[in-house]
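A quick write-up on the structure given underneath.
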Amino acid sequence: QVQLVESGGGSVQAGGSLTLSCVASGFTVSVYAMGWFRQAPGKEREGVSCLPWSSGVGATYYADSVKGRFTISRDNAKNTVYLQLNSLKPEDTAMYYCARRSSIRAGCSGNQYSYNLWGQGTQVTVSS
């Protein structure tokens, strides 16, 4: 079964850290650009970070609001993508989703419609 399963969310105080995991099954993450998106209540889903399948097709993407605080990575042996969240702020509170780009061996895209496989999401809540 082709799917993405996120975990690692939780409730933390401002300044805290979390590590989100996205375990893929049914395909290999190493040949796809993989992204993290988030959606807060009443707001549109926004791209947070994306890791291209290869540095040769583009750079790793971070939204301006998370640059220097979040880090995306991939473990091909575990077929898993991670998002390390540091120095969390209350405005980071949202449901976080992992997603796979529609095209194999493509670069990153900030457009959610360029992704055709989504996980169920993991909630991150940051209190002040």
_Pairs meeting criterion ring-ring contact (aromatic ring centres under 6.0 Å, His included) with involvement of residues 9-31, two or more places apart_ =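 Output for this query lists Phe27-Tyr32.
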*Enumerate the residue pairs fulfilling ring-ring contact (aromatic ring centres under 6.0 Å, His included) with a member in residues 46-92, sequence neighbours excluded, ordered by first and then second residue.*
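Passing the test, one end in residues 46-92: no pairs.
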Does anything in [range] form a side-chain hydrogen bond (donor to acceptor under 3.5 Å, both in side chains)? List the pairs, not counting sequence neighbours.
range	result
residues 22-31	none
residues 7-20	Ser17-Asn86, Thr19-Gln84
residues 102-111	Ser109-Ser114

*Would you please name every residue forming a salt bridge (charged side-chain N to carboxylate O under 4.0 Å, His left out) with Glu46, sequence neighbours left out?*
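Glu46 satisfies salt bridge (charged side-chain N to carboxylate O under 4.0 Å, His left out) with Arg38 once adjacent residues are dropped.
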_salt bridge (charged side-chain N to carboxylate O under 4.0 Å, His left out) partners for Arg69, two or more places apart_ =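 Arg69 satisfies salt bridge (charged side-chain N to carboxylate O under 4.0 Å, His left out) with Asp92 only.
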Checking the side chain of [X] only, and the main-chain atoms of [Y] only, is there a donor and an acceptor separated by less than 3.5 Å?
X	Y	value
Gln3	Gly119	no
Gln120	Glu6	yes
Arg74	Ala33	no

Closest non-hydrogen atom pair, [X] against [Y]:
X	Y	answer
Leu51	Ile72	N-CD1, 3.6 Å
Ala106	Arg101	CB-NH1, 3.8 Å
Val66	Val48	CG2-O, 3.7 Å

*Can you list every pair that meets disulfide bond (SG atoms under 2.5 Å apart) and has a residue in residues 49-95, with sequence neighbours left out?*
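Passing the test, one end in residues 49-95: Cys50-Cys108.
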*Of all pairs that satisfy disulfide bond (SG atoms under 2.5 Å apart), the ones with a partner from residues 5-45, not counting sequence neighbours*: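 The answer is Cys22-Cys98.
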*asked:* To the nearest 0.5 Å, what is the distance between CG on Leu18 and CG on Leu88?
replied: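 Leu18 CG to Leu88 CG: 5.5 Å, rounded to 0.5 Å.
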_OH-CG distance between Tyr96 and Leu83, expressed to the nearest 0.5 angstrom_ =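 CG of Leu83 is found 7.5 Å from OH of Tyr96.
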*asked:* So, using side chain to side chain contact (heavy atoms under 4.5 Å, CB included) as the criterion, who are the partners of Val23 when residues are at least two apart?
replied: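 Scan of Val23 (side chain to side chain contact (heavy atoms under 4.5 Å, CB included), adjacent residues dropped) gives Thr80.
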_Contacts of Ala59 that satisfy side chain to side chain contact (heavy atoms under 4.5 Å, CB included) - sequence neighbours left out_ =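 Side chain to side chain contact (heavy atoms under 4.5 Å, CB included) list for Ala59, sorted by chain: empty.
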*Same cluster for Met34 and Val31 if Ile/Leu/Val/Met/Phe/Trp/Tyr side chains link at under 4.5 Å?*
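Result: yes, single cluster for both.
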*Is it the case that one hydrophobic cluster holds both Val2 and Ile104, taking links as side-chain heavy atoms less than 4.5 Å apart, direct or via other members?*
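Yes, Val2 and Ile104 fall within the same hydrophobic cluster.
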*Under 4.5 Å between side-chain heavy atoms, chaining through other members, with only Ile, Leu, Val, Met, Phe, Trp and Tyr counted: pull out the rest of the cluster around Phe37, sorted by chain and number.*
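Hydrophobic cluster check, Phe37: joined to Met95, Tyr97, Tyr115, Trp118.
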*asked:* side-chain contact (heavy atoms from CB on, under 4.5 Å) for Leu20 and Val124? Distances and angles first, verdict last.
replied: CA-CA 9 Å; Leu20 307 185; Val124 172; 4.0 Å; yes
